[in-house]
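Let me begin by presenting the structure, written as structure tokens, before commenting on it.
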Amino acid sequence: MADYSKEEIKRIEEKWRAAWQQKGVYKTDNHSDKPKYYVLDMFPYPSGAGLHVGHPLGYIASDIVSRYKRLKGFNVLHPMGFDAFGLPAEQYAIQTGQHPRLTTEKNIATYIEQLRKIGFSYDWDRKVETSDPSYYKWTQWIFMQLFNAWYDRNTNQAQPIAQLIATLDKQGNAGINAVCDDETPAISAQQWSAFNTKEKEDFLQKYRIAYLAETMVNWCAALGTVLSNDEVKDGVSERGGYPVERIKMLQWNMRIAAYAERLLNGLDTIDWPEPVKEMQRNWIGKSVGCELDFKLADGTDTIRVFTTRIDTIYGVTFMVIAPEHELVDKITTADQRKVVTDYVEIAKNRSERERMSEVKRISGAFTGAYVINPFNNEKVPVWIADYVLAGYGTGAVMAVPSSDTRDYAFAKHFNLPIVDVLEGPTSDITKDNFEPKSGSMINSGDLNGLPWQQAIEKALQRVETLGIGVRKVNYRMRDAIFGRQRYWGEPFPVYFDNGIPKLVDEKDLPVTLPEIDAYKPTETGEPPLGRAKDWTYKGHPYELTTMPGWAGSSWYWFRYMDPKNEKEFASKEALAYWKDVDLYIGGSEHATGHLLYSRFWNKVMKDLGYVASEEPFKKLINQGHIQGISKLAYRVNGTSKFVSHNLRKDYEVTPLHVDVTFVDGDVLDVEKFKNWRDDLKNIELILEDGKYICGSEVDKMSKRYYNVVNPDDMVNNYGADTLRMYEMFLGPLELSKPWNTNGIDGVFKFLRRFWNLFHDNQGAFRVSNDEPTRDELKVLHKTLKKIEYDIEHFSFNTSVSEFMICSNELSAMKCNKRAVLEPLLITLAPFAPHIADELWEKLGHADTILNATFPKHNEEYLTESSFEYPISINGKVRVKMNFALDMPKDDIEKLVIASEIVQKWTEGKAPKKVIIVPGKIVNVVI
RNA sequence: GCCAAAGUGGCGGAAUUGGUAGACGCGCACGACUCAAAAUCGUGUACCGAAAGGUGUGUGGGUUCGAUUCCCACCUUUGGUACCA
């Protein structure tokens with residue numbers, strides 16, 4: 001006899017997971033007549049804490065879509081792998097000496113077992129691990145392609161470096177329109193050929209997409225490595241929260257800025273959440289304007305500024321240059337020298353963090369120099385201030401205090417003149433409604449009277465005619481730093497021959513990580529790889545930094561297409577068949593990191609002819625985060641006493657995170673708590689009503705807060721099917737929400753009720769072959785329609801509701817008919833695969849339900865001949881009346897007006913108006 | 001500060017194009033079964049009111065026969081961003 005009991009669930013679920021594995025039902029073929037569908041999850045970093053209930057949220061959703069698409073006749077690729085290089089394993093290695101590979105492998109094994117228990121339809125034969133040499137061989141290979149490429153603005157794509165060299169041989173760099181370093185000089189073919197090997201390579205580095213350069217980097221001393229901009233949050237490292245400072249260093253970089261415009265335009269072609277697109281747009285930060293020269297009043301030099309508001313040039317009352325600007329020293333006058341030097345010194349030593357926390361503080365110094373405004377020949381003073389950044393534009397701005405809030409604040413603070421140049425209702429900077437992009441020009445010579453947009457164009461033309469500047473587009477996005485002074489990452493396929501960086505031969509890939517004695521920098525401050533003994537290539541030293549975490553994840557979706565290929569990163573056929581990812585599910589925290597870098601690498605690989613699509617991920621969905629509910633106990637400061645939640649106001653207390661497994665509701669299990677740690681053995685508790693009540697707060701689910709809920713426990717208690725459906729039932733996929741198990745019983749009961757539809761009171765399987773009634777068919781087809789609609793719209797919480805409604809209705813009808821239950825079971829299979837295959841087998845099918853066909857709903861069963869109209873009076877529903885759907889409006893109106901209830905409200909008078917919306921509503925206006 | 005998303009019962013949430021607000025589930029209450037409890041099943045459950053009725057989707061206004069849905073202003077929460085000229 002088979003109840004849907006705890007024991008039976010365990011038996012069923014294990015039975016099917018074993019059967020699926022043994023039969024290889026999730027193996028995906030690269031050859032098929034069926035249309036392809038590629039569903040991808042953002043692969044996890046395998047942390048030591050294991051999977052918590054938040055991780056599977058997106059995986060369950062993608063698994064439902066995968067299974068649904070398969071039932072719909074698609075050949076579905078649904079792989080999983082691991083982003084296995086990363087800092088935590090290395091930090092652990094530094095502390096314990098344990099090789100990060102061992103930690104990582106152990107964690108991956110845990111993850112796989114946890115994932116297996118939830119019944120995902122991953123094709124594990126396609127698993128990738130970024131730290132596996134057979135994988136990072138190809139990460140290195142792609143790096144080599146990037147090293148051997150430059151960006152040609154004429155064709156607007158990356159080109160082989162050999163082609164650039166050929167041009168340099170022939171004509172120097174004249175006529176080359178490339179994205180390259182700013183200070184790249186113009187050279188002739190003669191100069192080029194006169195270069196020695198080192199000079200040639202140094203010159204090429206200014207063009208390569210992967211290149212070495214002295215750049216300002218975010219140096220994190222505590223982690224002993226540099227970090228990319230997206231790894232730094234609020235001046236501290238995103239992982240660990242250590243301070244970060246800006247220093248100059250020779251580093252590997254990626255010329256992602258070359259792709260700024262294409263990365264921006266591509267956003268309009270992909271189906272991604274608008275907030276993510278917006279974040280990428282902001283990150284790219286395009287601004288259109290011009291650069292123009294201001295001559296110094298003494299005629300010695302010119303200072304070039306970048307502005308987007310050339311229309312306001314008559315309002316320029318001073319100029320500001322960055323403290324790091326190259327002309328600071330030169331133009332500063334003798335009597336201002338001390339002030340300026342002092343200021344530069346302070347600005348230099350202010351850490352990034354201080355600068356950020358002191359955004360509101362206004363500081364600066366006058367250089368003593370003046371420049372001439374080329375439009376009106378007026379003399380304006382030149383200041384230095386750290387609100388002007390050296391790295392953006394030209395590091396100099398023409399200050400217009402009447403239309404820029406920062407310039408305004410600066411002018412107010414130092415008592416500098418302000419000249420209004422815009423006139424309009426929102427053009428006054430002293431008013432709250434100030435809007436810089438509004439109004440028409442005043443006090444602006446021949447620009448007077450023009451709206452600001454037209455004034456920009458006219459002023460631009462004048463700049464061009466005078467030959468003092470050019471139109472210019474600037475991007476906020478910088479090139480990405482690509483090296484890390486760490487051990488646990490991909491080694492570069494690069495060695496140094498007399499200081500010249502060279503690529504290893506392709507046949508010598510992969511360059512594997514050498515074994516070292518300790519996972520920290522050398523005594524001389526070199527990266528950990530400096531410890532490797534005899535680690536050379538043909539007698540030359542290797543590059544000692546490793547690639548950043550995002551290297552391996554910037555192309556992994558291609559590897560899944562053909563994961564075992566030893567000759568190519570993926571075969572041409574596999575790439576041609578799978579093309580790109582149809583659905584990508586993951587967290588929005590990757591908006592400006594992984595998702596941008598992946599688009600970048602994809603575009604380079606497309607330019608070089610390796611892949612076909614311009615964009616890697618056609619549709620993206622951000623799943624929300626499941627937060628943890630932390631439990632708090634309150635230690636009375638300086639004592640070994642803990643006070644219960646509601647009494648804590650009377651004491652000075654420090655909250656302590658308590659392991660959530662010690663707490664039932666709000667009540668602390670005192671014994672477990674005391675036995676938790678040695679320092680808690682002898683504590684004294686101040687109770688309320690004889691209990692210790694804990695406080696709660698919502699935190700990230702993390703080991704650190706002792707609030708992690710493990711999916712294994714949920715699977716043991718309720719089964720994987722219940723866990724899967726419950727996570728979907730919690731609410732919309734995109735929403736973040738704290739984990740609580742309050743509603744899980746409801747989902748469990750639903751599955752049992754569903755099971756019971758197939759069984760009699762004694763638990764015997766009993767399904768009848770009788771013809772279903774029209775009502776039963778209506779329930780069935782209504783459900784089929786709704787479930788299909790919901791899956792197509794990624795609204796899984798409402799599908800679970802619909803299943804519940806359907807099973808409630810069929811239970812009430814005591815329907816156990818095969819013709820109804822069988823199609824219903826197929827629609828449930830993507831959500832609850834274990835119970836589905838079990839019942840499918842009991843229905844007499846030899847093959848798994850995965851190979852069934854998703855049933856089509858039939859509108860015929862859903863059409864009604866009549867409708868129960870809500871009759872509202874002045875918009876409030878008062879009564880319901882049933883009318884045939886084809887009844888003429890006039891007849892409905894007569895019957896409604898004549899009805900007792902309406903008569904009561906109208907008091908016999910004729911209503912002002914009667915609105916009848918067929919099939920929807922009747923509204924009587926009185 | 002700026003950009004984006006979101007505010008609906010005791011709780012999670014539903015309402016697909018402007019058309020019955022609160023589906024579904026949890027919780028709670030009552031009832032059945034039971035010596036009893038658990039489990040299970042059934043009934044009820046936005047708020048005020050005995051009822052008639054009234055009030056209700058963050059707040060205030062507007063458009064409309066009709067607004068959770070559209071428009072304007074504001075408040076709150078969450079995420080992103082940090083002087084980008």
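In the text below, chain A, chain B and the rest are named by the order of the sequence lines, each starting its count at 1. Because the structure is predicted, anything quoted here is derived from the model rather than measured.
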Have a look at A/His625 and tell me which of A/Glu589, A/Lys737, A/Lys700 forms a side chain to side chain donor-acceptor pair (under 3.5 Å) with it. A/Glu589
Give me the distances for all protein-to-nucleotides 47-52 of chain B N/O pairs that come in under 3.5 Å?
none

When you compare B/G56 with B/C48, how far apart are their C1' atoms, in angstrom units rounded to a whole number? 11 Å
Give a yes-or-no answer on whether the side chains of A/Asn373 and A/Tyr314 include a donor-acceptor pair shorter than 3.5 Å. no
What distance, rounded to whole Å, do you find between the two C1' atoms, one in B/U59 and one in B/U76? 10 Å
Distance between C1' atoms of B/G49 and B/G13 (Å, rounded): 29 Å
With the side chain defined as heavy atoms from C-beta on, A/Trp905 is closest, among B/A23, B/A85, B/G53, to B/G53
Between A/Arg304 and A/Glu291, is there a salt bridge with N-O shorter than 4.0 Å? yes
Length of the line joining A/Leu862:CG and B/U16:P, which is rounded to integer Å: 18 Å
Given the C1' atoms of B/C2 and B/G62, what is the spacing between them in whole Å? 28 Å
It should be established whether A/Tyr392 places a side-chain nitrogen or oxygen under 4.0 Å from OP1 or OP2 of nucleotide B/A85. yes
Set of residues satisfying ring pair (Phe, Tyr, Trp, His ring centres under 6.0 Å) with respect to A/Tyr726, sequence neighbours excluded: A/Trp739
How about NZ on A/Lys778, more than 12 heavy atoms from neighbouring residues, nucleotides or ligands closer than 6.0 Å, or not? no
Distance between the P atoms of B/U57 and B/U68, in whole angstroms? 7 Å
Distances under 3.5 Å only, N/O to N/O: pair up the protein atoms with those of nucleotides 38-41 of chain B.
from, atom 1, to, atom 2, distance (Å)
B/U40, OP1, A/Arg752, NH2, 3.1

Quick check on contacts: within residues 917-926 of chain A, what sits under 4.0 Å from RNA chain B by heavy-atom distance? A/Val917, A/Lys920, A/Ile921, A/Asn923, A/Val925
Please report, rounded to the nearest Å, how far the C1' atom of B/A82 is from the CH2 atom of A/Trp283. 11 Å
Under a 90° cut-off about 0 for the syn range, is B/G80 syn or anti? anti
Span that lies between the C1' atom of B/C24 and that of B/A15, in whole angstrom: 12 Å
Which heavy-atom pair separates A/Phe883 from A/Ile892 by the least distance, and what is that distance? CE1-CG2, 3.7 Å
Is the phosphate of B/G25, meaning OP1 or OP2, less than 4.0 Å from a side-chain N or O of A/Asn808? yes
Separation of atom NZ in A/Lys437 from atom C1' in B/C2, rounded to whole Å: 13 Å
Would you kindly give the CD-to-C1' distance between A/Glu589 and B/U81, to the nearest whole Å? 16 Å
Is there a side-chain hydrogen bond (donor to acceptor under 3.5 Å, both in side chains) between A/Ser438 and A/Thr426? Walk through the geometry before answering. CA-CA 6 Å; A/Ser438 70; A/Thr426 58; 2.9 Å; yes
Sorted by chain and residue number, the salt bridge (Lys or Arg N to Asp or Glu O under 4.0 Å) partners of A/Glu734 (sequence neighbours excluded) come out as none
What about A/Phe318 and A/Phe414, are their ring centers closer than 6.0 Å? no
Please give, in whole Å, the distance from B/C24 C1' to A/Ile787 CD1? 12 Å
For nucleotides B/U43 and B/G25, find the distance between their P atoms and express it as a whole number of Å. 11 Å
With heavy atoms under 4.0 Å as the rule, sort A/Tyr789 into base, sugar-phosphate or nothing. base
According to the Watson-Crick and G-U wobble definition with distances under 3.5 Å, which dot-bracket string, read 5' to 3', encodes RNA chain B, using [ ] for crossing pairs and | for pairs with another strand? (((((((..(((......[....)))((((((.......))))))(((....)))..(((((..]....))))))))))))....
Rounded to whole Å, CZ of A/Phe750 lies from P of B/C26 at a distance of 13 Å
Could you work out the separation of B/C71 and B/U63 based on their P atoms and round it to a whole Å? 15 Å
Taking ring pair (Phe, Tyr, Trp, His ring centres under 6.0 Å) as the definition, give me every residue that meets it alongside A/Trp452, ordered by chain and number, with sequence neighbours left out. none
Between A/Arg878 and B/G54, is there a contact of a side-chain N or O with OP1 or OP2 at under 4.0 Å? yes
Is A/Asp745 paired with A/Arg752 through a side-chain N to carboxylate O contact shorter than 4.0 Å? no
Are any side-chain N or O atoms of A/Ser402 and backbone N or O atoms of A/Val419, one a donor and one an acceptor, separated by less than 3.5 Å? yes
Would you say a side-chain N or O of A/Ser287 is under 4.0 Å from OP1 or OP2 of B/A85? yes
Listed partners of A/Phe758 passing ring pair (Phe, Tyr, Trp, His ring centres under 6.0 Å), at least two apart: A/Phe754
Using atom CD1 of A/Ile897 as one end and atom C1' of B/C65 as the other, report the distance to the nearest whole Å. 14 Å
Using the test ring pair (Phe, Tyr, Trp, His ring centres under 6.0 Å), find all partners of A/Tyr789 that sit at least two apart in sequence or belong to another chain. A/His793
Can a donor-acceptor pair be found, under 3.5 Å and without considering hydrogens, that links the side chain of A/Arg599 to the backbone of A/Leu263? yes
Sorted by chain and number, sequence neighbours left out, salt bridge (Lys or Arg N to Asp or Glu O under 4.0 Å) with A/Arg878 holds for none
Comparing nearest nucleotides in RNA chain B, the 5'-proximal residue of the pair A/Ile915, A/Asn282 is A/Asn282
Report the residues that fulfil salt bridge (Lys or Arg N to Asp or Glu O under 4.0 Å) with A/Lys786, sequence neighbours left out, ordered by chain and then residue number. A/Asp790
Considering only nitrogen or oxygen atoms on both sides, find all protein atoms under 3.5 Å from nucleotides 13-15 of chain B and state each distance.
from, atom 1, to, atom 2, distance (Å)
B/G13, O3', A/Asn797, ND2, 3.4
B/A14, OP1, A/Asn797, ND2, 2.9

